[in-house]
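Inspection log for the structure reproduced underneath, given as C-alpha cells.
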Amino acid sequence: PRANSPYSPFPSALNSYRDEANIRQMMSDYYGMITEDDAWIGRILERLDELGLANNTLVVFTADHGEMLGDHGMYSKFVFYEGSVHIPLIMRLPKVIPAGTVVNAPVAQIDLFATILDYCGLRGPASDGNSLRPLVEGKGDDSTRFAVSEWHGGRQPAFMVTDGRWKLMFGDSREARSLDALYDLQSDPHELHNLIGHDPDREQHRVEVEHMKSLLVKWLERVKSNKLDGVKVRPVIAD
C-alpha cells in the first residue's frame with residue numbers, strides 16, 4: 001500500500017545523506033532493525049500457536065511510512081518517491097486468507113480500518129476507506145484501483161496518486177511552487193525520469209497526466225477536501 005501522509009524534507013540535513021560511507025552505515029543499521037523485527041514477529045506468531053489462538057487471530061503487519069535510505073540523496077520519510085511512500089502490508093488469518101495470496105492492486109492505509117472490521121465480522125463508524133477483502137478473495141476489480149497520499153507544508157507537491165503503473169505528484173493550487181511529476185513505474189521503477197517536468201517531450205504524456213489528475217480530483221471530491229478547487233485549476237503541464 002501507500003502511506004497517506006509522508007512528511008516534508010529538511011534540505012539543510014541532506015548533505016550527510018549523500019555521503020557513501022554514511023549511507024552504508026545507515027543501511028546497515030536499518031537492515032539490522034529489520035532483522036530484529038523479523039525475530040520478534042516470529043516469536044509473536046509462535047506464541048499465538050502455543051496458545052491455540054492462531055486460527056482466530058487476524059495478524060496485520062504494516063508501517064506508517066517507508067525510508068528513503070539515501071535514494072535520490074534523501075533520508076527518512078519526506079517525499080512521494082516509492083522509498084518513502086510504498087509500505088508493507090501483510091495479513092494472516094488461517095483458513096480465511098489463503099497462504100501465499102498476493103494482491104498487486106494499489107491500496108492505502110485508509111483502507112485498513114474497514115478491512116479489519118470486515119474480517120472480524122464487526123460494524124463500526126463510516127470511514128473513507130474500503131475493505132480490501134474483495135481484492136484478497138479475487139472478487140475486486142484491480143484495474144480501477146488507485147491510491148492517494150498527501151502532505152501540505154513544503155515546496156514539494158502536495159499530492160501523489162498512483163494506479164500501480166503511473167504516478168502523478170501534483171501541487172494543490174495554481175500558485176503552488178512545486179514541480180509536478182509523472183513517472184511510469186513500469187519502465188522507470190526508480191523514478192529517475194520525470195515525464196512532465198522539463199522533459200521536451202512532455203506533451204506526449206498529456207493523456208496519462210490528465211487521467212491521473214482526474215483520479216485525484218475524484219478522490220478529493222469523495223473525501224470533501226478543501227484542496228479540491230485548487231487542484232482543479234492547476235494545469236496538468238506547466239508553461
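Residue numbers start at 1 and run along the sequence shown.
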Exercise for the section: Taking Asp172 for its side chain and Ala158 for its backbone only, find out whether a donor-acceptor pair lies under 3.5 Å. Expected result: no

Exercise for the section: Tell me, please, which residues at least two apart from Arg133 pass salt bridge (Lys or Arg N to Asp or Glu O under 4.0 Å). Expected result: Asp118, Glu137

Problem - Ser178 versus Gly171, closest heavy-atom pair with distance - result: OG-CA, 3.8 Å

Problem - CD1-OG1 distance between Ile110 and Thr115, expressed to the nearest 0.5 angstrom - result: 11.5 Å

Handout entry: 4.5 Å side-chain heavy-atom contact, Asp184 and Trp166
Key = yes

Practice task
Flag yes if Leu89 and Ile97 sit in one hydrophobic cluster, no otherwise; membership is Ile, Leu, Val, Met, Phe, Trp, Tyr, and two members link when side-chain heavy atoms are under 4.5 Å apart.
Solution key: yes

Completion exercise
Tightest non-hydrogen contact, residues Ala108 and Ala147, listed as CB-CB, 4.3 Å

Practice task
For the pair Thr62 (side chain) and Pro88 (backbone), establish whether a donor and an acceptor sit closer than 3.5 Å, ignoring hydrogens and angles.
Solution key: yes

Fill in the blank from the handout: The reported gap from CD1 in Ile116 to CG in Leu132 (rounded to nearest 0.5 angstrom) is 10.0 Å

Problem - Minimum side-chain heavy-atom gap Leu69-Tyr31 below 4.5 Å - result: yes

Problem - Heavy-atom side-chain proximity of Tyr119 to Val60 below 4.5 angstrom - result: no

Exercise for the section: Check for a donor-acceptor pair, side chain of Ser84 on one end and backbone N or O of Val79 on the other, with a separation under 3.5 Å. Expected result: yes

Completion exercise
Sorted by chain and number, sequence neighbours left out, ring-ring contact (aromatic ring centres under 6.0 Å, His included) with Phe159 holds for His152

Problem - Common cluster, Val103/Leu93, ILVMFWY with side-chain heavy-atom separation under 4.5 Å - result: yes

Handout entry: Side-chain (Arg174) to main-chain (Val233) donor-acceptor, under 3.5 angstrom
Key = yes

Handout entry: same_hphob_cluster(Val96, Leu48) at 4.5 Å side-chain heavy-atom cutoff
Key = no

Handout entry: Pro125 side chain reached by Phe113 side chain, heavy atoms, under 4.5 Å
Key = yes

Handout entry: Test side chain to side chain donor-acceptor pair (under 3.5 Å) applied to His190 - qualifying residues, sequence neighbours left out
Key = none

Handout entry: CG on Asn104 to CZ on Arg145, rounded to 0.5 Å
Key = 12.5 Å

Problem - Qualifying residues under ring-ring contact (aromatic ring centres under 6.0 Å, His included), relative to Tyr81, sequence neighbours excluded - result: His72

Practice task
Any chance you could measure Met169, atom CE, to Leu182, atom CG, to the nearest 0.5 Å?
Solution key: 9.5 Å

Problem - Lys227 bridged to Glu150 by N-O distance under 4.0 Å - result: no

Exercise for the section: Please check if the side chain of Glu191 supplies one atom and the backbone of Glu82 the other of a donor-acceptor pair under 3.5 Å. Expected result: yes

Problem - Nearest-0.5 Å distance that lies between atom CG in Leu192 and atom CG in Asp71 - result: 9.5 Å

Completion exercise
For Ile87 and His65 the tightest heavy-atom approach is CG2-C, 3.5 Å

Exercise for the section: State, yes or no, whether a side-chain contact exists between Phe61 and Ile41 at a heavy-atom distance under 4.5 Å. Expected result: yes

Exercise for the section: Report yes or no: do Ile34 and Met26 belong to one cluster of Ile/Leu/Val/Met/Phe/Trp/Tyr joined by side chain heavy-atom distances under 4.5 Å? Expected result: yes

Practice task
Scan for salt bridge (Lys or Arg N to Asp or Glu O under 4.0 Å) pairs involving residues 30-48, sequence neighbours excluded, and state none if there are none.
Solution key: Arg47-Glu50

Handout entry: Glu221 side chain vs Leu228 backbone, donor-acceptor pair below 3.5 Å
Key = no

Practice task
Using the rule that two of Ile, Leu, Val, Met, Phe, Trp, Tyr join whenever any of their side-chain heavy atoms come within less than 4.5 Å, decide whether Leu117 and Met91 are in one cluster.
Solution key: no

Problem - 4.5 Å side-chain heavy-atom contact, Leu168 and Ile196 - result: yes

Handout entry: Side-chain donor/acceptor of Asp111 to backbone N/O of Asn130, under 3.5 Å
Key = yes

Exercise for the section: Could you tell me which non-hydrogen atom of Thr57 sits nearest to which non-hydrogen atom of Pro94, and how far apart they are? Expected result: O-CD, 4.4 Å

Could you pull out all donor-acceptor pairs under 3.5 Å where a side-chain atom in residues 206-218 meets a protein atom, sequence neighbours excluded?
{"unit_1": "Arg206", "atom_1": "NE", "unit_2": "Glu203", "atom_2": "OE1", "d": "2.9"}
{"unit_1": "Arg206", "atom_1": "NH2", "unit_2": "Glu203", "atom_2": "OE2", "d": "2.7"}
{"unit_1": "Lys213", "atom_1": "NZ", "unit_2": "Val231", "atom_2": "O", "d": "3.1"}
{"unit_1": "Lys213", "atom_1": "NZ", "unit_2": "Lys232", "atom_2": "O", "d": "2.8"}
{"unit_1": "Lys213", "atom_1": "NZ", "unit_2": "Arg234", "atom_2": "O", "d": "2.7"}
{"unit_1": "Ser214", "atom_1": "OG", "unit_2": "His211", "atom_2": "O", "d": "2.5"}

Practice task
Begin from the C-alpha positions of Leu45 and Arg92 and carry the test side chain to side chain contact (heavy atoms under 4.5 Å, CB included) through to its verdict.
Solution key: CA-CA 10 Å; Leu45 297 180; Arg92 189 187 81 160; 3.7 Å; yes

Exercise for the section: Can you measure from OG1 (Thr144) to CZ (Phe146) and round to the nearest 0.5 angstrom? Expected result: 8.5 Å

Problem - side chain to side chain contact (heavy atoms under 4.5 Å, CB included) between His205 and Ile237, intermediate numbers included - result: CA-CA 9 Å; His205 301 284; Ile237 296 180; over 6 Å; no

Completion exercise
Heavy-atom closest pair (Asp180 atom, Asn194 atom, distance to 0.1 Å) is O-ND2, 3.0 Å

Completion exercise
Between Cys120 and Leu58 the two heavy atoms that sit nearest each other are SG-CD2, 4.5 Å

